[in-house]
Asker: 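Below you'll find the structure I mean.
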Amino acid sequence: MNQQAGTPAVVCRGLRKVYDGKHGLFRKRSPAVVAVDGLDLRILRGECFGLLGPNGSGKTTTVEMLEGLLAPTAGEVELLGLHWPSDEEKLRERVGVALQETHLPEKLMVEELLTLFRSFYRKPRPLAHLLAEVELEEKQRAWVGKLSGGQRQRLAIACALVGEPEVLFLDEPTTGLDPQSRRQVWGLVAAYRARGGTVVLTTHYMEEAERLCDRVAIVDHGKLVRLGTPAELIAALPGDHVIEVEIEKSGAAGLDAEDLRGLPSVAEAHLSAEGAWSLAVREPEHAVAAVLALVERKGCTLARLGTRKASLEDVFVALTGRHLRDG
């Protein structure tokens, strides 16, 4: 891959996607749905760029427009200096895609499937290299339908890497995988980037985004909410630690936001739908003591108390009031 770090690999300007309302014989037309609403992004060569947002936020629609799978209603997509659909043949040779749900033919063997995908490219990677990279050498003559979930996902990524793409799109690549399989996928991403590749990633796992992504864009309702490195976004929070407090439902009256925000080192207090408080704090050692004293003064019964470092999940809640896994 001959890439110049710092130059754009993916650019979109004013990207917009509107789905027309539908109607049936016995009902009125439903209103149009704006899935993506004027998105501007500039993704640099060689970086791993994450798109984060809850289900329905527009991130998958955005990725499908960047991949050329979906035509935008308005706006422009530029990929490696080229455009869909006028440069489609050139782009298909230089872009790899692993979809959120990849349905691979189960009656083919692993080596047969990869041989099929290799036939789509003028200069495919050697079969042995692909099998070694995704750690499927021992499964090369196994039926695809007999693979585990993690093995299937690694095979799907191998199919995306057949042409040694310059840009790799990964849409929720580790959803439903066990921790070991998830880390194997992370290793594939790291190896690909070490060769100079650019990754566009969507994920619901905050540890994954913080570990893999150079920058992330938080999107909600089809709009860009915030853009930056994970460290920058977390540093912008009012506190770098979170205290989680849950009170027993029975017994004395619970805690309230005004009392909690008045405690030493507590900058913000949010109550979740499950009834647990999340406190953004600067000095957790002082804040914990103050919380325990408040619980005692109120006559409450503590069900749970824990502390952790702030994460991208907390960034999203602070910006939108919703969790990343909320629909």
Side-chain angles (χ1 to χ4, degrees), residues 48-56 59-60 63-64 67 69 92 95-121 124-165 167-195 197-213 216 311-313 323-327:
C48 182
F49 188 90
L51 277 173
L52 307 182
N55 293 331
K59 62 183 187 301
T60 294
V63 169
E64 289 179 348
E67 294 166 345
L69 299 177
R92 293 297 176 206
V95 172
V97 175
L99 301 174
Q100 189 171 359
E101 291 186 25
T102 304
H103 298 283
L104 301 174
E106 297 189 350
K107 298 301 183 181
L108 290 180
M109 289 186 289
V110 168
E111 64 179 5
E112 291 175 330
L113 181 66
L114 289 176
T115 299
L116 173 64
F117 271 77
R118 291 181 73 250
S119 70
F120 301 153
Y121 296 89
R125 295 180 63 196
L127 177 62
H129 290 183
L130 285 167
L131 289 167
E133 184 171 8
V134 298
E135 300 179 42
L136 289 177
E137 301 102 316
E138 296 181 358
K139 296 291 183 179
Q140 70 179 83
R141 296 193 62 78
W143 300 111
V144 172
K146 297 294 184 180
L147 300 180
S148 68
Q151 290 167 344
R152 283 195 188 204
Q153 189 61 9
R154 298 204 306 277
L155 180 58
I157 294 175
C159 292
L161 292 174
V162 163
E164 190 69 300
V167 180
L168 177 64
F169 290 96
L170 299 175
D171 192 9
E172 305 282 356
T174 62
T175 296
L177 299 186
D178 60 81
Q180 180 181 356
S181 296
R182 190 173 300 145
R183 282 173 171 76
Q184 286 176 313
V185 172
W186 293 354
L188 290 176
V189 174
Y192 170 75
R193 291 197 62 207
R195 301 196 299 272
T198 302
V199 179
V200 181
L201 170 77
T202 72
T203 181
H204 273 132
Y205 296 109
M206 293 305 94
E207 180 189 1
E208 183 165 281
E210 290 179 36
R211 179 185 291 253
L212 297 180
C213 296
V216 297
S311 69
L312 287 174
E313 177 81 20
H323 288 271
L324 280 160
R325 287 192 171 273
D326 289 345

Asker: Just by modelled atom types, is the E164 backbone N or O under 3.5 Å from a matching donor or acceptor in the Y121 side chain?
Answerer: no
Asker: What closest approach, in Å, do G150 and S181 show between heavy atoms, and which atom pair accounts for it?
Answerer: CA-OG, 3.7 Å
Asker: Just so I know, are the side chains of V134 and L155 near enough to count as touching, which here means a heavy-atom distance under 4.5 Å?
Answerer: no
Asker: Give me the atom names and distance for the closest heavy-atom approach of A209 to L52.
Answerer: CB-CD2, 4.0 Å
Asker: Please report the interatomic distance CD(E106) to CH2(W143), rounded to the nearest 0.5 Å.
Answerer: 12.0 Å
Asker: Please report the closest heavy-atom contact between L130 and A158, naming both atoms and the distance.
Answerer: CD2-O, 3.8 Å
Asker: Among Q151, R154, Q153, find the one that has a side chain to side chain donor-acceptor pair (under 3.5 Å) with Q184.
Answerer: R154
Asker: Only counting residues at least two apart or in another chain, list the ones meeting side-chain contact (heavy atoms from CB on, under 4.5 Å) with A132.
Answerer: E137
Asker: How many angstroms lie between atom NE2 of H204 and atom CG of N55, to the nearest 0.5 angstrom?
Answerer: 4.0 Å
Asker: Could you go step by step and tell me if V199 and L212 meet the side chain to side chain contact (heavy atoms under 4.5 Å, CB included) rule?
Answerer: CA-CA 9 Å; V199 179; L212 297 180; over 6 Å; no
Asker: Using the test salt bridge (charged side-chain N to carboxylate O under 4.0 Å, His left out), find all partners of E133 that sit at least two apart in sequence or belong to another chain.
Answerer: R125, R195
Asker: Does the pair R183/E207 count as a salt bridge with the N-to-O cut at 4.0 Å?
Answerer: yes
Asker: Donor-acceptor pair, E210 side chain versus L312 backbone, under 3.5 Å?
Answerer: yes
Asker: Under the side chain to side chain contact (heavy atoms under 4.5 Å, CB included) rule, what do L131 and V110 come out as? Steps first, then yes or no, please.
Answerer: CA-CA 9 Å; L131 289 167; V110 168; 3.8 Å; yes
Asker: Between L99 and L69, is any pair of side-chain heavy atoms under 4.5 Å apart?
Answerer: yes
Asker: What's the verdict on side chain to side chain contact (heavy atoms under 4.5 Å, CB included) for V144 and E112, showing C-alpha distance, side-chain angles and the deciding distance?
Answerer: CA-CA 10 Å; V144 172; E112 291 175 330; over 6 Å; no
Asker: Roughly how far, to the nearest 0.5 Å, is the CD atom of E208 from the OG1 atom of T175?
Answerer: 7.5 Å
Asker: Quick check: closest heavy atoms across P165 and G96, and the distance to 0.1 Å?
Answerer: CB-N, 3.3 Å
Asker: Restricting to non-hydrogen atoms, name the atom on L201 and the atom on C213 that form the minimum distance, rounded to 0.1 Å.
Answerer: CD2-SG, 3.8 Å
Asker: Heavy atoms, side chains only, cut-off 4.5 Å: are V63 and L170 in contact?
Answerer: no
Asker: On a heavy-atom basis, which atom in T174 and which in W186 lie closest, and how many Å separate them?
Answerer: CG2-NE1, 4.3 Å
Asker: Atom CZ in R141, atom CD in E111: separation rounded to 0.5 Å?
Answerer: 4.5 Å
Asker: Can you measure from CG (L177) to OH (Y205) and round to the nearest 0.5 angstrom?
Answerer: 7.0 Å
Asker: Any side-chain to backbone donor/acceptor pair from R152 onto H103? Under 3.5 Å, distance only.
Answerer: no
Asker: With rounding to the nearest 0.5 Å, note down the distance linking CG in L51 to NZ in K59.
Answerer: 8.5 Å
Asker: Sequence neighbours left out, what passes ring pair (Phe, Tyr, Trp, His ring centres under 6.0 Å) with F49? Give chain and number order.
Answerer: none
Asker: Verify side chain to side chain contact (heavy atoms under 4.5 Å, CB included) between L168 and Y192, making sure each step is shown before the conclusion.
Answerer: CA-CA 9 Å; L168 177 64; Y192 170 75; 3.6 Å; yes
